[in-house]
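The structure appears below as C-alpha cells.
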Amino acid sequence: MRSGFVFERCIQRKRSMKRTKIKELLNCKEEQESVLVKGWVRTRRDSKGGFSFLEINDGSCLGNIQAIVDHSLNEFQELDKQITTGSCVAITGKLVASEGKGQKMEVQATALEVYGTADAETYPLQKKRHSFEYLREIAHLRPRTNTFGAVMRVRSRLAYAIHQFFNDRGFVYLNTPIVTTSDCEGAGEMFQVTTLDLNNPPKVEGKIDYAQDFFGEKTSLTVSGQLEGEIYAQALSDIYTFGPTFRAENSNTSRHLSEFWMVEPEMAFYDLDDDMDLAEEFIKYLFADVLENCTEDMEFFNQRIDKSTLETLQHIVDNQFERLTYADAIHRLEKSTETFTYSVEWGCALQAEHERYLSEKVFKKPIIVYNYPEKIKSFYMKLNEDGETVRAMDVLIPKLGEIIGGSQREENYDILLKRLKDSGLSPEEYWWYLDLRRFGSAPHSGFGLGFERLVQFVTGMENIRDVIPFPRTPKHARF
Ligand code: 4AD
Ligand code: MG
C-alpha cells in the first residue's frame, strides 16, 4: 500500500516539470526549450498585435522576467481577465534571449495557469510607487514591492555574513534566554511577562505576590543577552549571541524599535582595545560582504534610496575608524559653533545630534568614542584607574549615530559589588554574576550591534521600521 503510494508520487513528479527561480532564468546563458516560472505579476501590457507582456517577480532577485503570452494560446481566452497586477501565475514556455532592451532572457508562454487572482479594483499595490508610511499599513503586502524585497534579501545576507564572520574566527553561537529575571542595562525599560490576572492580581501585604506568577518571581523580556553571554565566554572563550531583544523605552524615532535583533559577541582575555579592533573589523567585513554579494540590490538602493550608499560603504571599508576619548569628544563639541538642542558638558550623555555631528561633520567617517563617565554607563563596565570613567566604547556612524555599544567588563568582585549597589540594583539578584568574579574571574569584553541599525545604514533606508519585517514600536504591535 505504502510503496504503491510512493511509486505514484514518483511518477507524478516525473511528469510535472520543475519550477526554476527567476534569478536563475535571468542568468541563463543558453536558451531552453521548456521552463516553468512561478510568481506574481507586477505589470501587464497588451499589444495590438495580439500579445500580452507580463513582468513576473518571485522575490529570488530584484529583476522581473518578461513572459510573452500569445492571445491565440488556448488558456488565454479563459484566463485573460484573471491575469492582473498582483495575481499569482505559473507559466510554462520557451526561454529565449530577449530582443527588448534591458532584458537578457524572456519566456514565450506555451501554457498558463492562474493560482490566485488579485482584483484590480481592490489590490492595494496598483501604483508603481507608494509612500513607506502607507506601505507600513499593509505589512502583509509590502514585501511584494521592489524596495522591501531588496531590504529583506540584504538583511538575510547580512545575517549569514554575521554567522560566517564569527564562525571563521572560532566563536561559538550561543542562544541566551528571552524571558529573564535580570535587567542587563539596569535602565528599567523592560516588558513584564506574567500570567497573573491583571484585573485581580494576588497580593501579600498590599504588594503583588509574584510567588504565584508563572515562574514564581517577576520576569521580563530581555533587553540584552550579554550577562548570560559573559557566563559562557568565561568557559568557551569566544561566544556570540544573535537574537531578539526588547526595550520598553518610549522613543518614537527613526532609529528605535521596541523589538529588535542584537548581535553580541563576548570574548575572554580581550581588553577594550581588542574589543574596538573586533568591532571595526566586524563592520568592515559586513559592508564588504554586501558590496560583493548583493550587487543588484545595492545598486537599487544607490539609485532609488540614497545616491551615496555605495560610495559611503566603500569608503568605510577602506579607511580606519577614528578613535577618541569621551573627554576629547566633549571638548570638540564645546568648541564647535554648531547649535545643538541639548547643551554639552563633561558628564552628559551624548545625544544623537552630537554623535552625528562628530562622525558626519568633524571626522566624516565612523568614530569610536571610549572611556565614558562612570555615572552615565551601565554597572558592569570596568572602572578606569581615574575612578571616574569606565572602559566603555560606542561606535558612531554618519547619518545614524550609535550602531554599536560595548565595553570591557568589570572583573573585580569588590568594585562590581559597589557599582551594582550604586546603580540601585540588588546584589542578591545578581549573585551568579558576582560569582563569576569569585571563581576564575577573567578579563573580558564584548559589544552589541543593533542588527536593524546595521541594515538601515547599509540600505540607506530612512526609517528603522522599514528594515524589519514587522516593526514593533510604541502603540504598534498589530502586524
Ligand atoms: O548600547 P546598548 O544598549 O548595549 C547593550 O545592550 C549591551 N548589553 C551590549 C553589549 O555590550 N553586549 O545596545 C547595543 C546596540 C546599540 O548600539 C544599538 O545599535 C542597538 O543595540 N539598539 C537599538 N536598536 C534599535 N532599537 C532600539 N531601541 C535599540 N536600542 C539599542
Ligand atoms: Mg548604547
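Indexing begins at 1, ligand by ligand and atom by atom, following the structure's order. The structure displayed is predicted, hence computed values, not measured ones.
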Within-cut-off N or O pair, [X] and ligand 1, under 3.5 Å:
{"X": "Ser224", "value": "yes"}
{"X": "Ile464", "value": "no"}
{"X": "His256", "value": "no"}

Short side-chain donor-acceptor distance under 3.5 Å, [Y] and [X]:
{"X": "Gln408", "Y": "His444", "result": "no"}
{"X": "Ser407", "Y": "Arg409", "result": "yes"}
{"X": "Glu264", "Y": "Ser224", "result": "yes"}
{"X": "Asn146", "Y": "Arg304", "result": "no"}
{"X": "Glu428", "Y": "Ser426", "result": "yes"}
{"X": "Glu230", "Y": "Tyr380", "result": "no"}

Among all protein heavy atoms in this structure, tell me which lies nearest to [atom], with the distance rounded to 0.1 Å.
{"atom": "atom 24 (N) of ligand 1", "value": "Phe260 CD1, 3.5 Å"}
{"atom": "atom 1 (O) of ligand 1", "value": "Glu402 OE2, 2.9 Å"}
{"atom": "atom 26 (N) of ligand 1", "value": "Leu257 N, 3.0 Å"}
{"atom": "atom 18 (C) of ligand 1", "value": "Arg453 NH1, 3.6 Å"}
{"atom": "atom 19 (O) of ligand 1", "value": "Ile403 O, 2.8 Å"}
{"atom": "atom 5 (C) of ligand 1", "value": "Glu185 OE2, 3.3 Å"}
{"atom": "atom 15 (C) of ligand 1", "value": "Gly448 O, 3.6 Å"}

Pair Tyr173-His163, ring pair (Phe, Tyr, Trp, His ring centres under 6.0 Å): steps then yes or no: CA-CA 8 Å; Tyr173 174 40; His163 286 299; 4.8 Å; yes
Any Glu452 heavy atom less than 4.0 Å from ligand 1: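 No.
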Whether Glu266 lies under 4.0 Å from ligand 1, heavy atom: no
At less than 4.0 angstrom from any non-hydrogen atom of [X], what atoms of ligand 1 do you find?
{"X": "Arg409", "answer": "10 (C), 11 (O), 12 (N)"}
{"X": "Gly405", "answer": "1 (O), 9 (C), 10 (C), 11 (O), 17 (O)"}
{"X": "Tyr380", "answer": "7 (C), 8 (N)"}
{"X": "Gly450", "answer": "15 (C), 19 (O), 20 (C), 21 (O)"}
{"X": "Arg255", "answer": "25 (C), 26 (N)"}

Geometric cation-pi criterion Arg437 and Tyr433, 6.0 Å radius, 45° cone: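 Yes; both conditions hold, so Arg437 lies above the ring face of Tyr433.
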Lys/Arg cation over aromatic Tyr285: Arg169, 6.0 Å, 45° cone: yes
For ligand 1, the portion of Asp394 having any non-hydrogen atom under 4.0 Å away: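 Asp394 to ligand 1: no contact under 4.0 Å from either part.
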Contact partition for Phe447 relative to ligand 1, non-hydrogen atoms under 4.0 Å: backbone
Centroid-centroid distance, Phe282 to Phe166, less than 6.0 Å: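 Centroid separation for Phe282 and Phe166: below 6.0 Å.
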Pair Phe321 + Phe363: ring centers closer than 6.0 Å: no
pair Phe165-Glu281: side-chain heavy atoms closer than 4.5 Å: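 They are in side-chain contact.
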Identified side-chain hydrogen bond (donor to acceptor under 3.5 Å, both in side chains) partner of Asn371 from the options Thr389, Asp386, Asn384: Asn384
Option with minimal heavy-atom separation from atom 13 (O) of ligand 1, where the choices are Arg247, Glu264, Glu259: Arg247
Atom of Glu402 nearest the Mg ion (ligand 2) (restricted to N/O/S, atom name only): OE2
